[in-house]
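These notes concern the structure reproduced below.
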2 protein chains.
Amino acid sequence: MSDRSDPFPTEETSPAGTLQERVYRELREEIMLGRFRPGEAMTIRGLAEKLGTSMMPAREALRRLVAERALDLLPNRRIAVPHMTPETFRELTEARVALEVLAARRAFPETDSALADQLDVINDEQDVAIAKGDWAGYQERNRAFHFALYERAPGRVLMPLIESLWLQIGPFLYLTRESLGTTYLEDRHVEAIAAIRDRDEDALALAVEQDIRDGMGGLPALLTQREARTATGR
Amino acid sequence: MSDRSDPFPTEETSPAGTLQERVYRELREEIMLGRFRPGEAMTIRGLAEKLGTSMMPAREALRRLVAERALDLLPNRRIAVPHMTPETFRELTEARVALEVLAARRAFPETDSALADQLDVINDEQDVAIAKGDWAGYQERNRAFHFALYERAPGRVLMPLIESLWLQIGPFLYLTRESLGTTYLEDRHVEAIAAIRDRDEDALALAVEQDIRDGMGGLPALLTQREARTATGR
DNA sequence: CCGCCCACAATGTGATCACAAATATGAGCG
DNA sequence: CGCTCATATTTGTGATCACATTGTGGGCGG
(Lines give C-alpha, C1' and ligand atoms only; values in the text may rest on other atoms or scores of the structure.)
Protein backbone atom coordinates (compact mmCIF):
# COMPACT_ATOMS: atom_id res chain seq x y z
CA MET A 1 0.00 0.00 0.00
CA SER A 2 2.66 2.45 -0.99
CA ASP A 3 0.80 4.18 -3.79
CA ARG A 4 -2.53 4.96 -2.23
CA SER A 5 -3.28 7.92 0.03
CA ASP A 6 -5.57 10.09 -2.14
CA PRO A 7 -4.87 9.54 -5.82
CA PHE A 8 -6.08 13.06 -6.67
CA PRO A 9 -4.58 15.55 -4.24
CA THR A 10 -6.36 18.68 -5.45
CA GLU A 11 -5.34 18.73 -9.09
CA GLU A 12 -3.36 21.97 -9.18
CA THR A 13 -1.14 23.18 -11.99
CA SER A 14 1.86 24.56 -10.18
CA PRO A 15 2.72 25.29 -6.61
CA ALA A 16 2.95 29.03 -6.21
CA GLY A 17 5.49 30.54 -3.90
CA THR A 18 8.52 29.51 -5.87
CA LEU A 19 10.74 32.16 -7.31
CA GLN A 20 10.67 30.77 -10.81
CA GLU A 21 6.91 30.90 -10.69
CA ARG A 22 6.97 34.60 -9.88
CA VAL A 23 9.46 35.32 -12.64
CA TYR A 24 7.43 33.22 -15.02
CA ARG A 25 4.16 35.01 -14.32
CA GLU A 26 5.77 38.40 -14.62
CA LEU A 27 7.34 37.62 -17.98
CA ARG A 28 4.26 35.87 -19.20
CA GLU A 29 2.10 38.88 -18.48
CA GLU A 30 4.44 41.21 -20.29
CA ILE A 31 4.61 38.92 -23.29
CA MET A 32 0.87 38.39 -23.53
CA LEU A 33 0.18 42.10 -23.36
CA GLY A 34 2.70 42.77 -26.08
CA ARG A 35 5.33 44.68 -24.22
CA PHE A 36 8.24 43.08 -26.05
CA ARG A 37 9.33 43.81 -29.56
CA PRO A 38 9.29 40.79 -31.87
CA GLY A 39 12.80 39.51 -32.32
CA GLU A 40 13.98 41.07 -29.09
CA ALA A 41 16.59 38.85 -27.44
CA MET A 42 16.74 37.92 -23.80
CA THR A 43 19.52 36.56 -21.68
CA ILE A 44 19.28 34.45 -18.58
CA ARG A 45 21.68 36.58 -16.63
CA GLY A 46 20.04 39.78 -17.80
CA LEU A 47 16.61 38.68 -16.66
CA ALA A 48 18.01 37.35 -13.40
CA GLU A 49 19.66 40.65 -12.67
CA LYS A 50 16.56 42.64 -13.58
CA LEU A 51 14.46 40.54 -11.25
CA GLY A 52 17.10 40.46 -8.54
CA THR A 53 17.43 36.69 -8.41
CA SER A 54 20.10 34.21 -9.37
CA MET A 55 20.27 32.53 -12.74
CA MET A 56 18.19 29.51 -11.84
CA PRO A 57 14.70 30.99 -11.58
CA ALA A 58 15.21 33.11 -14.69
CA ARG A 59 16.55 30.10 -16.50
CA GLU A 60 13.58 27.90 -15.67
CA ALA A 61 11.04 30.60 -16.40
CA LEU A 62 12.57 31.25 -19.80
CA ARG A 63 12.73 27.59 -20.72
CA ARG A 64 9.16 27.14 -19.63
CA LEU A 65 8.04 29.96 -21.89
CA VAL A 66 10.05 28.42 -24.70
CA ALA A 67 8.22 25.15 -24.16
CA GLU A 68 4.91 27.01 -24.34
CA ARG A 69 6.05 28.61 -27.58
CA ALA A 70 5.89 32.07 -26.07
CA LEU A 71 9.59 32.49 -26.77
CA ASP A 72 11.88 31.10 -29.43
CA LEU A 73 15.02 29.16 -28.78
CA LEU A 74 17.19 30.02 -31.74
CA PRO A 75 19.77 27.58 -33.12
CA ASN A 76 22.46 29.75 -31.56
CA ARG A 77 20.77 28.87 -28.26
CA ARG A 78 19.75 32.42 -27.77
CA ILE A 79 16.27 33.09 -26.46
CA ALA A 80 14.24 35.71 -28.25
CA VAL A 81 10.71 36.97 -28.71
CA PRO A 82 9.42 35.23 -31.85
CA HIS A 83 9.19 37.00 -35.15
CA MET A 84 5.71 37.54 -36.50
CA THR A 85 4.88 36.88 -40.09
CA PRO A 86 1.47 37.33 -41.67
CA GLU A 87 1.40 33.61 -42.35
CA THR A 88 2.10 32.66 -38.75
CA PHE A 89 -0.52 35.13 -37.69
CA ARG A 90 -3.12 33.54 -39.91
CA GLU A 91 -2.25 30.15 -38.53
CA LEU A 92 -2.66 31.46 -35.00
CA THR A 93 -6.04 32.88 -35.90
CA GLU A 94 -7.25 29.61 -37.38
CA ALA A 95 -6.06 27.67 -34.37
CA ARG A 96 -7.73 30.16 -32.06
CA VAL A 97 -11.03 29.78 -33.88
CA ALA A 98 -10.86 26.00 -33.73
CA LEU A 99 -10.02 25.81 -30.03
CA GLU A 100 -11.94 28.77 -28.67
CA VAL A 101 -15.15 27.86 -30.45
CA LEU A 102 -14.79 24.41 -28.97
CA ALA A 103 -14.14 25.90 -25.54
CA ALA A 104 -17.16 28.17 -25.87
CA ARG A 105 -19.38 25.23 -26.78
CA ARG A 106 -18.06 23.20 -23.88
CA ALA A 107 -18.62 26.16 -21.58
CA PHE A 108 -22.11 26.86 -22.85
CA PRO A 109 -24.02 24.42 -20.62
CA GLU A 110 -22.35 26.01 -17.60
CA THR A 111 -23.19 29.58 -18.54
CA ASP A 112 -26.01 31.50 -16.90
CA SER A 113 -27.33 35.01 -16.56
CA ALA A 114 -24.87 35.68 -13.76
CA LEU A 115 -22.03 35.11 -16.20
CA ALA A 116 -23.79 37.32 -18.73
CA ASP A 117 -23.91 40.11 -16.17
CA GLN A 118 -20.26 39.59 -15.36
CA LEU A 119 -19.33 39.76 -19.03
CA ASP A 120 -21.41 42.94 -19.37
CA VAL A 121 -19.29 44.57 -16.70
CA ILE A 122 -16.07 43.52 -18.40
CA ASN A 123 -17.39 44.78 -21.71
CA ASP A 124 -18.21 48.17 -20.19
CA GLU A 125 -14.78 48.42 -18.66
CA GLN A 126 -13.35 47.63 -22.03
CA ASP A 127 -15.29 50.47 -23.63
CA VAL A 128 -13.97 52.79 -20.94
CA ALA A 129 -10.44 51.68 -21.71
CA ILE A 130 -10.97 52.39 -25.38
CA ALA A 131 -12.38 55.82 -24.63
CA LYS A 132 -9.39 56.64 -22.46
CA GLY A 133 -7.00 55.36 -25.07
CA ASP A 134 -5.73 52.84 -22.55
CA TRP A 135 -4.38 50.29 -24.94
CA ALA A 136 -3.01 47.89 -22.33
CA GLY A 137 -6.25 48.02 -20.36
CA TYR A 138 -8.19 47.28 -23.50
CA GLN A 139 -6.16 44.17 -24.21
CA GLU A 140 -6.37 43.06 -20.62
CA ARG A 141 -10.16 43.38 -20.51
CA ASN A 142 -10.49 41.60 -23.82
CA ARG A 143 -8.55 38.70 -22.41
CA ALA A 144 -10.65 38.77 -19.25
CA PHE A 145 -13.79 38.55 -21.35
CA HIS A 146 -12.72 35.51 -23.32
CA PHE A 147 -11.20 33.65 -20.42
CA ALA A 148 -14.16 34.29 -18.12
CA LEU A 149 -16.26 32.50 -20.69
CA TYR A 150 -13.92 29.63 -21.44
CA GLU A 151 -13.16 28.98 -17.80
CA ARG A 152 -16.71 27.86 -17.35
CA ALA A 153 -15.80 24.79 -19.34
CA PRO A 154 -14.51 22.08 -17.06
CA GLY A 155 -11.31 20.29 -17.82
CA ARG A 156 -7.61 20.89 -17.88
CA VAL A 157 -6.84 20.33 -21.55
CA LEU A 158 -8.28 23.20 -23.54
CA MET A 159 -7.30 26.21 -21.47
CA PRO A 160 -3.55 25.63 -21.54
CA LEU A 161 -3.67 25.27 -25.31
CA ILE A 162 -5.62 28.49 -25.68
CA GLU A 163 -3.30 30.31 -23.33
CA SER A 164 -0.36 29.18 -25.41
CA LEU A 165 -2.00 30.74 -28.46
CA TRP A 166 -2.63 34.01 -26.68
CA LEU A 167 0.98 34.02 -25.56
CA GLN A 168 2.12 33.54 -29.12
CA ILE A 169 -0.01 36.43 -30.27
CA GLY A 170 1.43 38.73 -27.64
CA PRO A 171 4.50 39.89 -29.56
CA PHE A 172 2.24 40.78 -32.42
CA LEU A 173 0.24 43.11 -30.22
CA TYR A 174 3.42 45.08 -29.73
CA LEU A 175 3.06 46.24 -33.30
CA THR A 176 -0.46 47.51 -32.72
CA ARG A 177 0.31 49.64 -29.68
CA GLU A 178 0.16 53.01 -31.34
CA SER A 179 -2.74 52.04 -33.55
CA LEU A 180 -5.49 52.23 -30.93
CA GLY A 181 -8.27 54.34 -32.32
CA THR A 182 -7.08 54.17 -35.89
CA THR A 183 -7.88 50.46 -36.08
CA TYR A 184 -11.28 48.92 -36.29
CA LEU A 185 -12.10 47.91 -32.76
CA GLU A 186 -15.62 46.63 -33.09
CA ASP A 187 -16.05 43.25 -31.44
CA ARG A 188 -18.75 40.61 -31.11
CA HIS A 189 -18.92 40.66 -27.34
CA VAL A 190 -22.50 41.93 -27.12
CA GLU A 191 -23.61 39.21 -29.51
CA ALA A 192 -21.90 36.62 -27.34
CA ILE A 193 -23.61 37.92 -24.21
CA ALA A 194 -26.96 37.95 -25.96
CA ALA A 195 -26.43 34.37 -27.11
CA ILE A 196 -25.81 33.30 -23.53
CA ARG A 197 -28.99 34.99 -22.37
CA ASP A 198 -30.94 33.45 -25.28
CA ARG A 199 -29.54 29.99 -24.52
CA ASP A 200 -28.39 29.75 -28.14
CA GLU A 201 -25.20 27.71 -28.36
CA ASP A 202 -24.70 28.14 -32.09
CA ALA A 203 -25.07 31.89 -31.82
CA LEU A 204 -22.43 31.92 -29.08
CA ALA A 205 -20.07 29.86 -31.20
CA LEU A 206 -20.63 32.17 -34.15
CA ALA A 207 -20.06 35.28 -32.05
CA VAL A 208 -16.76 33.90 -30.73
CA GLU A 209 -15.60 32.93 -34.19
CA GLN A 210 -16.47 36.30 -35.68
CA ASP A 211 -14.96 38.14 -32.75
CA ILE A 212 -11.65 36.38 -33.33
CA ARG A 213 -11.70 36.80 -37.09
CA ASP A 214 -12.86 40.41 -37.04
CA GLY A 215 -10.55 41.48 -34.29
CA MET A 216 -7.56 40.06 -36.06
CA GLY A 217 -8.75 40.76 -39.55
CA GLY A 218 -7.20 44.05 -40.53
CA LEU A 219 -3.96 43.42 -38.75
CA PRO A 220 -1.83 41.28 -41.07
CA ALA A 221 -1.67 44.22 -43.45
CA LEU A 222 -0.38 46.45 -40.70
CA LEU A 223 2.02 43.67 -39.84
CA THR A 224 3.65 43.43 -43.25
CA GLN A 225 4.07 47.16 -43.23
CA ARG A 226 5.84 47.13 -39.87
CA GLU A 227 7.79 44.01 -40.74
CA ALA A 228 9.44 45.77 -43.64
CA ARG A 229 10.44 48.63 -41.39
CA THR A 230 11.87 46.53 -38.57
CA ALA A 231 13.75 44.29 -40.99
CA THR A 232 15.85 47.09 -42.40
CA GLY A 233 16.29 49.65 -39.63
CA ARG A 234 15.86 47.98 -36.29
CA MET B 1 23.97 45.79 -38.98
CA SER B 2 23.54 43.93 -35.73
CA ASP B 3 20.04 42.61 -36.20
CA ARG B 4 20.18 41.50 -39.79
CA SER B 5 21.95 38.40 -41.07
CA ASP B 6 19.00 36.21 -41.98
CA PRO B 7 15.99 37.05 -39.82
CA PHE B 8 14.92 33.40 -39.91
CA PRO B 9 17.98 31.27 -39.32
CA THR B 10 16.50 27.88 -40.12
CA GLU B 11 13.51 27.94 -37.82
CA GLU B 12 14.49 25.05 -35.59
CA THR B 13 12.86 24.12 -32.34
CA SER B 14 15.86 23.39 -30.23
CA PRO B 15 19.53 22.94 -30.81
CA ALA B 16 20.23 19.25 -30.60
CA GLY B 17 23.37 18.02 -29.00
CA THR B 18 22.56 19.18 -25.53
CA LEU B 19 22.16 16.60 -22.85
CA GLN B 20 18.78 17.83 -21.71
CA GLU B 21 17.56 17.49 -25.27
CA ARG B 22 18.56 13.85 -25.33
CA VAL B 23 16.93 13.16 -22.00
CA TYR B 24 13.84 15.03 -23.14
CA ARG B 25 13.45 13.08 -26.36
CA GLU B 26 13.96 9.79 -24.61
CA LEU B 27 11.34 10.51 -21.98
CA ARG B 28 8.99 12.02 -24.50
CA GLU B 29 9.08 8.93 -26.63
CA GLU B 30 8.35 6.67 -23.71
CA ILE B 31 5.48 8.83 -22.57
CA MET B 32 3.90 9.13 -25.99
CA LEU B 33 4.03 5.39 -26.54
CA GLY B 34 2.42 4.77 -23.19
CA ARG B 35 5.24 3.09 -21.35
CA PHE B 36 4.46 4.78 -18.04
CA ARG B 37 1.62 3.95 -15.74
CA PRO B 38 -0.75 6.88 -15.07
CA GLY B 39 0.01 8.34 -11.69
CA GLU B 40 3.54 6.99 -11.68
CA ALA B 41 5.85 9.41 -9.91
CA MET B 42 9.25 10.53 -11.12
CA THR B 43 12.14 12.13 -9.35
CA ILE B 44 14.80 14.36 -10.76
CA ARG B 45 17.60 12.45 -9.12
CA GLY B 46 16.14 9.11 -10.10
CA LEU B 47 15.91 10.07 -13.75
CA ALA B 48 19.37 11.61 -13.67
CA GLU B 49 20.84 8.45 -12.26
CA LYS B 50 19.00 6.24 -14.75
CA LEU B 51 20.32 8.32 -17.63
CA GLY B 52 23.77 8.69 -16.15
CA THR B 53 23.80 12.47 -16.03
CA SER B 54 23.68 15.04 -13.30
CA MET B 55 20.48 16.59 -12.01
CA MET B 56 20.39 19.51 -14.40
CA PRO B 57 19.50 17.82 -17.69
CA ALA B 58 16.91 15.61 -16.00
CA ARG B 59 15.51 18.62 -14.23
CA GLU B 60 15.10 20.68 -17.38
CA ALA B 61 13.67 17.80 -19.38
CA LEU B 62 11.08 17.09 -16.71
CA ARG B 63 10.06 20.72 -16.39
CA ARG B 64 9.77 21.01 -20.13
CA LEU B 65 7.45 18.03 -20.24
CA VAL B 66 5.44 19.57 -17.42
CA ALA B 67 5.10 22.74 -19.45
CA GLU B 68 3.89 20.69 -22.39
CA ARG B 69 1.36 19.02 -20.11
CA ALA B 70 2.91 15.62 -20.67
CA LEU B 71 3.61 15.40 -16.94
CA ASP B 72 1.85 16.79 -13.92
CA LEU B 73 3.47 18.94 -11.30
CA LEU B 74 1.53 18.08 -8.18
CA PRO B 75 1.01 20.58 -5.38
CA ASN B 76 3.54 18.63 -3.34
CA ARG B 77 5.96 19.55 -6.12
CA ARG B 78 6.29 15.96 -7.10
CA ILE B 79 6.33 15.20 -10.79
CA ALA B 80 4.08 12.39 -11.96
CA VAL B 81 2.48 10.92 -15.04
CA PRO B 82 -1.02 12.43 -15.20
CA HIS B 83 -4.05 10.49 -14.19
CA MET B 84 -6.53 9.70 -16.90
CA THR B 85 -10.22 10.16 -16.39
CA PRO B 86 -12.89 9.46 -18.99
CA GLU B 87 -13.77 13.13 -18.96
CA THR B 88 -10.22 14.27 -19.64
CA PHE B 89 -10.01 11.68 -22.36
CA ARG B 90 -13.12 13.02 -24.05
CA GLU B 91 -11.71 16.52 -23.87
CA LEU B 92 -8.49 15.34 -25.47
CA THR B 93 -10.44 13.67 -28.25
CA GLU B 94 -12.46 16.79 -28.98
CA ALA B 95 -9.34 18.92 -29.03
CA ARG B 96 -7.63 16.43 -31.31
CA VAL B 97 -10.52 16.54 -33.75
CA ALA B 98 -10.54 20.32 -33.80
CA LEU B 99 -6.81 20.71 -34.35
CA GLU B 100 -6.04 17.70 -36.50
CA VAL B 101 -8.90 18.33 -38.90
CA LEU B 102 -7.59 21.85 -39.24
CA ALA B 103 -4.08 20.55 -39.79
CA ALA B 104 -5.32 18.09 -42.40
CA ARG B 105 -7.12 20.85 -44.26
CA ARG B 106 -4.08 23.07 -44.16
CA ALA B 107 -1.94 20.18 -45.38
CA PHE B 108 -4.32 19.22 -48.14
CA PRO B 109 -3.07 21.62 -50.84
CA GLU B 110 0.44 20.27 -50.28
CA THR B 111 -0.51 16.63 -50.58
CA ASP B 112 0.14 14.59 -53.69
CA SER B 113 0.22 11.02 -54.92
CA ALA B 114 3.75 10.62 -53.58
CA LEU B 115 2.44 11.26 -50.08
CA ALA B 116 -0.42 8.86 -50.72
CA ASP B 117 2.11 6.17 -51.63
CA GLN B 118 4.13 6.94 -48.54
CA LEU B 119 1.03 6.68 -46.36
CA ASP B 120 0.19 3.39 -48.01
CA VAL B 121 3.51 1.99 -46.93
CA ILE B 122 2.99 3.16 -43.38
CA ASN B 123 -0.46 1.68 -43.37
CA ASP B 124 0.87 -1.68 -44.53
CA GLU B 125 3.54 -1.65 -41.86
CA GLN B 126 0.83 -0.93 -39.37
CA ASP B 127 -1.16 -3.95 -40.48
CA VAL B 128 1.95 -6.07 -40.11
CA ALA B 129 2.42 -4.76 -36.58
CA ILE B 130 -1.17 -5.67 -35.75
CA ALA B 131 -0.73 -9.15 -37.20
CA LYS B 132 2.40 -9.68 -35.15
CA GLY B 133 0.71 -8.38 -32.04
CA ASP B 134 3.37 -5.69 -31.88
CA TRP B 135 1.46 -3.16 -29.86
CA ALA B 136 4.24 -0.56 -29.61
CA GLY B 137 4.93 -0.79 -33.32
CA TYR B 138 1.27 -0.32 -34.04
CA GLN B 139 1.12 2.87 -32.01
CA GLU B 140 4.33 4.12 -33.55
CA ARG B 141 3.12 3.57 -37.11
CA ASN B 142 -0.20 5.19 -36.32
CA ARG B 143 1.62 8.27 -35.14
CA ALA B 144 3.83 8.19 -38.22
CA PHE B 145 0.74 8.12 -40.42
CA HIS B 146 -0.91 11.15 -38.85
CA PHE B 147 2.22 13.21 -38.55
CA ALA B 148 3.37 12.49 -42.10
CA LEU B 149 0.12 14.03 -43.22
CA TYR B 150 0.07 17.02 -40.88
CA GLU B 151 3.69 17.87 -41.50
CA ARG B 152 2.78 18.78 -45.03
CA ALA B 153 1.03 21.81 -43.59
CA PRO B 154 3.46 24.69 -43.34
CA GLY B 155 3.80 26.66 -40.15
CA ARG B 156 5.08 26.29 -36.66
CA VAL B 157 1.89 26.74 -34.65
CA LEU B 158 -0.30 23.69 -35.15
CA MET B 159 2.17 20.85 -34.85
CA PRO B 160 3.38 21.64 -31.35
CA LEU B 161 -0.19 21.85 -30.13
CA ILE B 162 -1.03 18.49 -31.68
CA GLU B 163 2.10 16.93 -30.28
CA SER B 164 1.14 18.15 -26.84
CA LEU B 165 -2.19 16.37 -27.21
CA TRP B 166 -0.56 13.13 -28.29
CA LEU B 167 1.77 13.39 -25.34
CA GLN B 168 -1.17 13.80 -23.02
CA ILE B 169 -2.83 10.74 -24.47
CA GLY B 170 0.28 8.65 -23.98
CA PRO B 171 -0.37 7.58 -20.38
CA PHE B 172 -3.79 6.45 -21.44
CA LEU B 173 -2.30 4.10 -24.00
CA TYR B 174 -0.59 2.35 -21.12
CA LEU B 175 -3.98 1.02 -20.12
CA THR B 176 -4.60 -0.43 -23.58
CA ARG B 177 -1.36 -2.38 -23.85
CA GLU B 178 -2.74 -5.83 -23.26
CA SER B 179 -5.89 -5.14 -25.21
CA LEU B 180 -4.41 -5.38 -28.69
CA GLY B 181 -6.54 -7.73 -30.67
CA THR B 182 -9.45 -7.65 -28.30
CA THR B 183 -10.15 -4.00 -29.14
CA TYR B 184 -11.67 -2.66 -32.28
CA LEU B 185 -8.72 -1.57 -34.35
CA GLU B 186 -10.37 -0.50 -37.57
CA ASP B 187 -9.19 2.90 -38.71
CA ARG B 188 -9.98 5.35 -41.48
CA HIS B 189 -6.53 5.48 -42.98
CA VAL B 190 -7.50 3.98 -46.32
CA GLU B 191 -10.30 6.51 -46.64
CA ALA B 192 -7.84 9.31 -45.93
CA ILE B 193 -5.43 8.04 -48.58
CA ALA B 194 -8.26 7.73 -51.08
CA ALA B 195 -9.36 11.28 -50.33
CA ILE B 196 -5.86 12.54 -51.07
CA ARG B 197 -5.81 10.70 -54.38
CA ASP B 198 -9.28 12.01 -55.22
CA ARG B 199 -8.31 15.56 -54.32
CA ASP B 200 -11.29 15.72 -51.99
CA GLU B 201 -10.49 17.94 -49.02
CA ASP B 202 -13.78 17.39 -47.22
CA ALA B 203 -13.42 13.64 -47.48
CA LEU B 204 -9.94 13.89 -46.00
CA ALA B 205 -11.20 16.00 -43.12
CA LEU B 206 -14.00 13.54 -42.50
CA ALA B 207 -11.64 10.57 -42.58
CA VAL B 208 -9.34 12.20 -40.05
CA GLU B 209 -12.23 13.09 -37.76
CA GLN B 210 -13.71 9.60 -37.89
CA ASP B 211 -10.33 8.01 -37.45
CA ILE B 212 -9.81 9.94 -34.24
CA ARG B 213 -13.31 9.37 -32.92
CA ASP B 214 -13.46 5.67 -33.86
CA GLY B 215 -9.99 4.87 -32.64
CA MET B 216 -10.68 6.40 -29.29
CA GLY B 217 -14.31 5.48 -29.14
CA GLY B 218 -14.52 2.26 -27.18
CA LEU B 219 -11.73 3.17 -24.84
CA PRO B 220 -13.28 5.33 -22.11
CA ALA B 221 -15.28 2.31 -20.99
CA LEU B 222 -12.12 0.26 -20.70
CA LEU B 223 -10.62 3.22 -18.89
CA THR B 224 -13.24 3.40 -16.15
CA GLN B 225 -12.89 -0.30 -15.63
CA ARG B 226 -9.12 -0.06 -15.18
CA GLU B 227 -9.43 3.11 -13.14
CA ALA B 228 -11.47 1.30 -10.51
CA ARG B 229 -8.85 -1.40 -10.31
CA THR B 230 -5.84 0.89 -10.00
CA ALA B 231 -7.58 3.07 -7.43
CA THR B 232 -7.97 0.30 -4.91
CA GLY B 233 -5.13 -2.13 -5.39
CA ARG B 234 -2.43 -0.57 -7.44
C1' DC C 1 -2.52 -2.02 21.42
C1' DC C 2 -3.30 2.51 19.27
C1' DG C 3 -2.12 7.22 18.25
C1' DC C 4 1.04 11.06 18.31
C1' DC C 5 5.49 12.96 17.77
C1' DC C 6 10.08 13.32 16.50
C1' DA C 7 14.24 12.06 14.00
C1' DC C 8 15.90 10.72 9.54
C1' DA C 9 15.82 10.16 4.63
C1' DA C 10 14.37 11.86 0.19
C1' DT C 11 13.15 15.56 -2.87
C1' DG C 12 12.60 20.04 -5.25
C1' DT C 13 14.40 24.76 -5.31
C1' DG C 14 17.88 28.10 -5.55
C1' DA C 15 22.82 29.57 -5.70
C1' DT C 16 27.38 29.26 -7.36
C1' DC C 17 30.91 27.73 -10.19
C1' DA C 18 33.40 25.64 -14.36
C1' DC C 19 33.52 25.23 -19.16
C1' DA C 20 32.85 25.55 -24.16
C1' DA C 21 30.70 27.85 -27.83
C1' DA C 22 29.39 32.07 -29.75
C1' DT C 23 29.88 36.97 -30.14
C1' DA C 24 31.99 41.27 -29.93
C1' DT C 25 36.28 43.95 -29.79
C1' DG C 26 40.52 45.67 -31.34
C1' DA C 27 45.10 45.38 -33.22
C1' DG C 28 47.94 44.42 -37.09
C1' DC C 29 48.73 43.74 -41.87
C1' DG C 30 48.01 44.41 -46.80
C1' DC D 1 41.67 52.79 -45.14
C1' DG D 2 39.56 48.09 -45.19
C1' DC D 3 39.90 43.37 -44.13
C1' DT D 4 41.38 39.51 -41.21
C1' DC D 5 42.52 37.16 -37.36
C1' DA D 6 43.64 36.87 -32.46
C1' DT D 7 41.74 38.01 -28.02
C1' DA D 8 38.39 39.27 -24.49
C1' DT D 9 33.72 39.13 -23.17
C1' DT D 10 29.23 37.34 -23.04
C1' DT D 11 26.12 33.49 -22.90
C1' DG D 12 24.03 28.91 -22.38
C1' DT D 13 24.92 24.29 -20.44
C1' DG D 14 26.08 21.18 -16.97
C1' DA D 15 27.75 20.00 -12.24
C1' DT D 16 27.78 20.50 -7.41
C1' DC D 17 26.29 22.13 -3.19
C1' DA D 18 23.19 24.16 0.55
C1' DC D 19 18.71 24.48 2.34
C1' DA D 20 13.71 24.14 3.24
C1' DT D 21 9.90 21.19 2.68
C1' DT D 22 7.82 16.88 2.42
C1' DG D 23 7.45 12.03 3.21
C1' DT D 24 8.52 7.93 6.17
C1' DG D 25 9.24 4.99 10.06
C1' DG D 26 10.14 4.03 14.66
C1' DG D 27 9.64 4.85 19.39
C1' DC D 28 7.43 6.88 23.30
C1' DG D 29 3.34 7.77 25.98
C1' DG D 30 -1.43 6.96 26.52
Side-chain angles (χ1 to χ4, degrees), chain A residues 1-27 36 39-67 70-82 234, chain B residues 1-10 12-27 39-67 70-82 234:
Chain A
M1 64 178 76
S2 64
D3 219 18
R4 219 189 24 76
S5 73
D6 199 356
F8 306 105
T10 48
E11 209 84 51
E12 265 297 329
T13 309
S14 37
T18 70
L19 256 182
Q20 69 111 333
E21 187 74 14
R22 193 171 64 81
V23 175
Y24 165 76
R25 290 198 190 285
E26 219 153 310
L27 254 187
F36 293 112
E40 185 172 349
M42 303 188 146
T43 66
I44 295 177
R45 288 176 176 86
L47 181 63
E49 190 175 3
K50 198 181 84 172
L51 276 291
T53 70
S54 85
M55 284 175 58
M56 287 298 311
R59 184 171 166 176
E60 301 220 310
L62 285 176
R63 301 211 68 109
R64 181 170 171 187
L65 288 164
V66 167
L71 294 175
D72 260 2
L73 183 57
L74 303 178
N76 14 330
R77 296 188 177 165
R78 273 209 119 103
I79 294 174
V81 180
R234 56 148 299 199
Chain B
M1 62 173 75
S2 64
D3 221 18
R4 217 192 26 78
S5 74
D6 198 356
F8 306 107
T10 48
E12 267 295 331
T13 309
S14 36
T18 69
L19 255 181
Q20 70 111 332
E21 186 74 14
R22 194 172 65 80
V23 175
Y24 165 77
R25 289 199 190 283
E26 220 154 309
L27 255 187
E40 185 173 349
M42 302 188 151
T43 65
I44 295 177
R45 286 175 175 87
L47 180 64
E49 190 174 4
K50 196 180 85 172
L51 277 289
T53 71
S54 86
M55 285 175 56
M56 287 299 309
R59 183 171 167 177
E60 300 221 310
L62 285 176
R63 302 212 68 112
R64 180 170 171 186
L65 288 164
V66 167
L71 294 175
D72 259 2
L73 183 58
L74 303 178
N76 12 328
R77 297 187 175 165
R78 291 283 281 266
I79 293 172
V81 179
R234 57 153 292 198

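- Counting to the nearest Å, the P atom of C:dG14 and the OH atom of A:Tyr24 are 15 Å from each other.
- Taking atom CG on B:Leu74 and atom P on C:dT13, their separation rounds to 11 Å, with Å as the unit.
- Atoms CE (B:Met55) and C1' (D:dC19) sit 12 Å apart, rounded to a whole Å.
- Looking at which nucleotide of DNA chain C each of A:Arg78 and A:Glu60 is closest to, the 5′-most match is held by A:Glu60.
- Side-chain atoms of A:Glu60 and A:Thr18, non-hydrogen and from C-beta on, never get closer than 4.5 Å to each other.
- Going from atom CG of B:Leu62 over to atom P of C:dT11 covers 13 Å, rounded to whole Å.
- If you check D:dT13, C:dG14, D:dT16 against the side chain of A:Arg77, the one that comes closest is D:dT13.
- C:dA15 atom P lies 12 Å from atom CD of A:Gln20, rounded to whole Å.
- Whole-Å rounding puts the B:Asp72 CG to C:dG12 P distance at 14 Å.
- For A:Arg45, the side-chain atoms get nearest to C:dA18 when compared with the rest of C:dT11, C:dA18, C:dG14.
- Contact annotation: side chain of A:Arg59 to base of D:dG14, donor-acceptor pair present below 3.5 Å.
- By the 4.5 Å heavy-atom criterion applied to side chains, B:Arg63 and A:Arg63 are not counted as neighbours.
- Note on B:Arg22 versus B:Glu26: salt bridge recorded, some NZ/NE/NH1/NH2 to OD/OE distance being below 4.0 Å.
- For the pair B:Arg63 and C:dT13, the criterion of a side-chain N or O lying under 4.0 Å from OP1 or OP2 is met.
- Rounded to an integer number of Å, the gap from CG of B:Asn76 to P of D:dT24 is 10 Å.
- Whole-Å rounding puts the A:Glu49 CD to D:dT10 C1' distance at 13 Å.
- Counting only heavy atoms from C-beta outward, the side chains of A:Leu74 and A:Ile79 never approach each other to under 4.5 Å.
- Residue-to-nucleotide proximity on DNA chain C shows that, of B:Met56 and B:Met42, the 5′-proximal contact is made by B:Met42.
- Taking a 6.0 Å sphere around CD of B:Glu49, one finds it holds 12 or fewer heavy atoms contributed by other residues, nucleotides or ligands.
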